[in-house]
Amino acid sequence: MSGGGCSIVWFRRDLRVEDNPALAAGVRAGAVVAVFVWAPEEEGPYYPGRVSRWWLKHSLAHLDSSLRSLGTCLITKRSTDSVSSLLEVVKATGATQLFFNHLYDPLSLVRDHRAKELLIAQGIAVRTFNADLLYEPWEVNDAQGRPFMTFAAFWERCLSMPYDPDSPLLPPKRIISGLCLKHSFTACMWEGYNGNLTSFAKISNDAHWELIYFHPSYIFSDSTSGVANIAANIVCSHSGDICRCPSDTLVFEDESEKGSNALLARAWSPGWSNADKALTTFINGPLIEYSKNRRKADSATTSLLSPHLHFGEVSVRKVFHLVRIKQVSWANEGNKAGDESVNLFLKSIGLREYSRYMSFNHPYSHERPLLGHLKFFPWVVDEGYFKAWRQGRTGYPLVDAGMRELWATGWLHDRIRVVVSSFFVKVLQLPWRWGMKYFWDTLLDADLESDALGWQYISGTLPDGREIDRIDNPQFEGYKFDPNGEYVRRWLPELARLPTEWIHHPWNAPESVLQAAGIELGSNYPLPIVSIDAAKARLQEALTDMWQQEAASRAAIENGTEEGLGDSSEAAPIAFPEDIQMEENHEPARNNPPTTIRCYEDQMVPSMTTSLVRVEEEESSSDLRNSAENSRAEVPRNVNVNVNQEPRRDTLNQGVLPTVRDNNPLPQFNIAGGLGNAEDSTAESSSTSRRERDGGVVPVWSPSTSSYSEQLVGDENGIGTSSSYLQRHPQSHQIMNCRRLSQTG
DNA sequence: AGACTGTTGTT
DNA sequence: ACAACAGTC
């Protein structure tokens, strides 16, 4: 047990004991205090939704029981400030080290950096790890060392990296609890134990210890470890001397939510060992047919791993390795379909990687388009549309079935997510952030990075995203993904008796057919809220409009008369509708075609800004004011994948960062790094070049106080790239800011 | 037959 | 935007 005090392992979205580098490091270093801090207010508008909280609750309980069987427990803290809660735990336990795994969403980058700074200032050694990705975002660059702008190039690079992702770590065999009992106490209690649980408990009580968990097998299995384990599972209830670190009870659901949540347990089993089972089931079952089945909307052909992956119940590296093993064996058998299926499945894993990559490189991508060319798109601000979409009453059966399933189960097949979100953006022309927020509130696997990537893709604001002027037709998609109409019939009982021929376009069905099916369009099932033709025309108008606005803005800027419309638009974002609750009784949204209100301002979820401002204030001591144009998380040049560089060993124990020293302050980013090479013995022995384990350096993005609004503009125009859109609409290119391209090198 | 139109897949 | 494909005239 080196270093005296115990280690704190801070769990976040890595709720597993297997292949958890932070936990492994803690166990290796000695006694461990496992902590989870529940501070949802820190997430601002991204306060987790009901089903997401339900999952978290069960996942934490699962983790706690796993930790208990290993010899410790999960300390839970309710907080509005994770970092100060961590500090409290440090003080209460006398811990000398903190370990945690990286996250890549903008709020976490800021918070984790602050945690690191504060704890280091308290003399705590902090080390952080990669547990969430195959490769850290800063490891994957093009030949010039710049980050990729398109998924295909990114993923190709990932698959051809010179070194493989780390192999998954085994779970610890035993964890020595850092809720430290003094040896004398332990011995005393052990001596006092006479094989009778009651008397043991009495002794415990006398000593102001409360037995909170006890498993007799510990005692009889092995006398030495039995002592340790008994000790480990006792927490002091006395607020006095040795351990002042009781858990808070975390509340994840209110009374009104319990009923709805009860259904979830029938379909889902949170927790890392269930995630493992889901993975095994998938690999041995649907995986081989994955390619063939990918068109089917309803079906257990997907992995169903997304919520498990979101909470880190299973590591992506484990998924990757196991799937790859299958692929090799199928390839050897000449099973082309299996081989192809693995490639496709891995691609979806790659998209998840890419979402973190994008979030890290463009920290505002969850709230601001990556391409600025839609800045003047006249979004339709119509809460009636929004409500009809949420309730599954758009009149397009496939869309409505999807939205009903989402509400009922918190889950949607990826194809259907594309269908409903594309409909949202292209047909209804609602601001995409509304849709993203609704997904956030309702999806079991709500994931800021993945969802932002998905919605930006759909909205055409990625260099390789869908074209804005392309409208998918839910009728055709219906026959493609749900050829027999089973999916629609399951979720739209009112259409259940409609023949397949009309199931995806009931508005074309003869009156007699509708009558026979008991359907009265406009009454018990709506007519299409917008016809596809009308949507196409309206989209064309909107785009023309957008180009005019854009030209006007450009002219104004060139004349120097105006700052441009861009700034004012950013100042007045489209507010997210307050009342987003799904009404239980569906009022048919009929006969009152919503009046269309166009809004030129780019949409914004306003409270997000608030939360950032708050963080900025807290961060303002950090001396990293910066240029507006640089919003990419910079990785210092000396962070290199090549292990031959032997970086910064001297800072090992403090986890302090080199950049400050090398007198070459980065414009915007601090480097907060666990420079952990303590474990090199395992990792670096191979002769091939390897990256540093444990991430080496963690660049952390710090928002600046002064230049927030400038950044908005800067970043929004940020990605100048040879996207197809720009080639077709070169006028958009005029307002692109390409400066950043050259400066990342 | 060959041009034309429309759809799909592309994160 | 582009390629691949299907269906139409």
Side-chain angles (χ1 to χ4, degrees), chain A residues 133-134 137 140 147-159 290-297 302 306 309 340-341 343-362 365-366 369-371 373-374 398 412-427 432 435-436 439 445 447-483 504-505 532-533 535-537 539-540 543 719 721-733:
Chain A
L133 296 174
L134 299 175
V140 185
F148 292 101
M149 300 287 207
T150 60
F151 171 71
F154 165 81
W155 188 231
E156 191 183 347
R157 175 69 183 154
C158 286
L159 292 175
Y290 192 79
S291 171
K292 205 176 92 186
N293 286 331
R294 91 193 111 122
R295 294 177 142 255
K296 299 287 189 303
T302 57
S306 52
L309 281 168
E340 181 54 27
S341 285
N343 284 336
L344 259 173
F345 176 69
L346 286 181
K347 190 172 139 186
S348 67
I349 295 293
L351 286 168
R352 181 184 173 281
E353 297 269 312
Y354 191 55
S355 72
R356 271 77 180 145
Y357 187 77
M358 292 305 268
S359 175
F360 178 80
N361 287 321
H362 308 282
S365 60
H366 61 300
L370 252 58
L371 289 177
H373 64 264
L374 295 187
L398 186 65
L412 272 188
H413 190 292
D414 183 55
R415 293 279 149 188
I416 306 301
R417 296 184 196 206
V418 172
V419 169
V420 300
S421 56
S422 168
F423 185 87
F424 185 93
V425 172
K426 306 293 181 64
V427 177
W432 62 265
M436 189 178 115
F439 269 25
D445 57 15
D447 182 286
L448 199 53
E449 296 95 310
S450 288
D451 291 348
L453 183 71
W455 282 92
Q456 294 230 22
Y457 166 68
I458 291 301
S459 309
T461 56
L462 292 178
D464 49 356
R466 289 200 159 190
E467 300 310 312
I468 182 71
D469 48 357
R470 172 170 174 164
I471 290 189
D472 294 302
N473 190 325
Q475 176 184 338
F476 300 138
E477 290 177 314
Y479 287 106
K480 195 167 59 186
F481 302 139
D482 181 33
H504 291 300
H505 54 136
I532 297 299
D533 284 345
K536 279 181 181 161
L539 190 56
Q540 278 313 316
L543 289 171
I719 295 191
T721 180
S722 60
S723 85
S724 53
Y725 180 89
L726 295 183
Q727 282 156 7
R728 271 179 306 139
H729 304 295
Q731 72 273 32
S732 295
H733 203 278

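- For the pair Lys480(A) and Asp472(A), the salt-bridge criterion is not met [side-chain N within less than 4.0 Å of a carboxylate O].
- Ile416(A) contributes atom CD1, which lies 11.5 Å from atom OG of Ser422(A) (distance to the nearest 0.5 angstrom).
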Listing, residues 152-159 of chain A side-chain donor-acceptor contacts under 3.5 Å, not counting sequence neighbours, or none:
none

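- One finds the CZ atom of Arg417(A) at 12.0 Å from the CD1 atom of Ile458(A) (value rounded to the nearest 0.5 Å).
- Residues meeting the side chain to side chain donor-acceptor pair (under 3.5 Å) test with Gln456(A), sequence neighbours left out: Thr461(A).
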Quick one: which protein N/O atoms are closer than 3.5 Å to N/O atoms of nucleotides 5-8 of chain C? Pair and distance per line, please.
none

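- Residue Trp455(A) holds its CH2 atom at 5.0 Å from CZ of Phe439(A), rounded to the nearest 0.5 Å.
- One distance of note links CG of Leu346(A) with OH of Tyr290(A); it measures 9.5 Å at 0.5 Å rounding.
- With a heavy-atom cut-off of 4.0 Å to chain A, the contacted part of DNA chain B has its first and last nucleotide at dT7(B) to dT11(B).
- Arg352(A) comes within contact range of no nucleotide atom at all, as no heavy-atom separation falls under 4.0 Å.
- Taken to the nearest 0.5 Å, the CG atom of Leu309(A) stands 9.5 Å off from the CG atom of Asp445(A).
- Remark: Asn343(A) engages Gln327(A) in a side chain to side chain donor-acceptor pair (under 3.5 Å) (not counting sequence neighbours).
- Both key distances under 3.5 Å define a Watson-Crick or G-U pair, and stretches of 3 or more such consecutive pairs in DNA chain B run B:2-10 with C:1-9.
- Under the 4.0 Å criterion applied to side-chain N and carboxylate O atoms, Asp447(A) and Arg352(A) are not assigned as salt-bridge partners.
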